[in-house]
Amino acid sequence: MPILHNKGSDTRRGLSFRKGLRILLTVLLIYSLSSMLLSAVMFRVLFRRTDGLSPIRYTYSEVDHEAYPRQSFSFPSGDHVLSACRYPAANASGEIVVINGISAGIDSHLAEIMYFIDHGWSVVTWDATGVGGSGGRGLIGLQQIRLDLIAYLDYRQAQGETLPLVLYGHSAGAYAAATVLDGDGYPVCGSVCLCGFDSPLSVMLYHARQRVGVLADAQYPFLLLENLFLFGKDADISAIESINHSKAHVLLVESSSDDLVPHELGLLRNGSEFSNPNVSAVTVDSHWRNEHNTPWLSSAAAEYVGSIAPGETVDKQRSCELDPAFMEQVLAFFTEAVSEAG
């Protein structure tokens, strides 16, 4: 006997399949849209505006203005105007540009700045976008520090500055100080990169995984999209590749107990072998000094900073004491870089 097909049953199965597909597509669409919205919101929460002040660092109001006079100025970065200052030195050996890390303000490295001035170097630094006296609704992202540095270097060239130029950057500032070396666009003689990272996206994914586990990987495509939306071609430039494409002198400083930028995310994650022959590296491994925010401090200062209790009155002379050997090494590096650049 011929086999009879139940057309009604086939039709119902076809309708059920199409209905299931529509439901699946709807769920995926809702998930994608909500994830994109969540990524945008999280960027604004994580990179919100900050005053840039630190309770353990000097502010300019606490130092001798006659010994360390500074000149205020401003320059544009994208749609915003950044608040900057210059510390001039008589017969300066060169200009050191201090690039602060994310959320750090214009005085965050004031102890080092005074040291540089005492040793005959002029210094320039600023509040980044979304920090302190600068414009911007927020910090925008890790990559914005790089864009602000590029904006200053463009401004500097337009002003016809002639002092030899070197960079001193920390964390996201170190990333910026490395990535502007790629190519021949800016006359940077040397760059000191403290606790810098290779990839902004890798750092963000790492910290997301620390907080939400595997959910971070599911949200990664939307993190990538938001970065591309905000920064375009600048979304994830490799600092290591930029260093390799440069002939500038570079001093890479890594802290062995850095929880914010661990070794696997840092500029020395592949070891100290670079195609740029002018790269040198230092790993700070002494206790207390080997944290993300302490490699420039003395051992006593780093230990004191690590023991300050919430609400405790801070002795800033103790918390800002520099490690003399480290600072001498930085200045020797700058002096050699300027000398070899001619």
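Computed from a predicted structure; not experimentally measured. Starting from 1, each residue takes its place in the sequence as its number.
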Enquirer: Are Leu165 and Leu163 connected into the same hydrophobic cluster when the rule is that any two of I, L, V, M, F, W, Y join if their side-chain heavy atoms are below 4.5 Å apart?
Expert: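 Cluster IDs for Leu163 and Leu165 differ.
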Enquirer: When rounded to the nearest 0.5 angstrom, what distance separates CD1 in Ile56 from NZ in Lys316?
Expert: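 So the CD1 of Ile56 and the NZ of Lys316 are separated by 9.5 Å.
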Enquirer: Using the side chain to side chain contact (heavy atoms under 4.5 Å, CB included) definition, which of the options Val192, Leu167, Leu251 pairs with Phe334?
Expert: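 The residue from Val192, Leu167, Leu251 that satisfies side chain to side chain contact (heavy atoms under 4.5 Å, CB included) with Phe334 turns out to be Val192.
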Enquirer: Does Leu139 reach the side chain of Ser103, with side-chain heavy atoms less than 4.5 Å apart?
Expert: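 Heavy-atom side-chain distance check passes, below 4.5 Å.
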Enquirer: So for atom CG, which belongs to Asp64, do other residues, nucleotides or ligands contribute more than 12 heavy atoms lying within a distance under 6.0 Å?
Expert: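 More than 12 within 6.0 Å, yes.
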Enquirer: Distance alone, cut at 3.5 Å: any donor-acceptor contact between the side chains of Asp236 and Ser199?
Expert: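 The criterion, which ignores hydrogens and geometry beyond distance, is satisfied for Ser199 and Asp236.
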Enquirer: Give me the one residue out of Ser299, Ser298, Ser319, Cys320 that meets side chain to side chain contact (heavy atoms under 4.5 Å, CB included) with Tyr304.
Expert: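 Output: one option passes, namely Ser319.
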Enquirer: Is the distance between the ring centroids of Trp126 and Phe73 under 6.0 Å?
Expert: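 Trp126 vs Phe73: aromatic centres not under 6.0 Å.
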Enquirer: Arg318 vs Glu303, test: salt bridge (charged side-chain N to carboxylate O under 4.0 Å, His left out). Steps then yes/no.
Expert: CA-CA 10 Å; Arg318 290 180 65 190; Glu303 182 174 2; over 6 Å; no
Enquirer: Report yes if the side chains of Tyr152 and Val124 come closer than 4.5 Å at any heavy-atom pair, otherwise no.
Expert: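 Side chain of Tyr152 against side chain of Val124, heavy atoms only: contact under 4.5 Å found.
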Enquirer: Around Glu273, counting heavy atoms of other residues, nucleotides and ligands shown, do more than 12 lie under 6.0 Å from its CD?
Expert: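 No.
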Enquirer: Tell me whether the centres of the aromatic rings in Phe116 and Tyr68 are closer together than 6.0 Å.
Expert: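 Phe116 vs Tyr68: aromatic centres not under 6.0 Å.
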Enquirer: Would Arg146 count as a cation-pi partner of Tyr175, with NZ or CZ less than 6.0 Å from the six-membered ring centre and within 45° of the ring normal?
Expert: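 Judged by the rule, Arg146 and Tyr175 form no cation-pi pair.
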Enquirer: Would you confirm whether Asp127, through its side chain, and Gly105, through its main-chain N or O, come within 3.5 Å as a donor-acceptor pair?
Expert: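 Answer holds: no.
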Enquirer: So do Trp121 and Val166 actually touch side chain to side chain, heavy atoms under 4.5 Å?
Expert: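 Contact flag for Val166/Trp121 side chains = yes.
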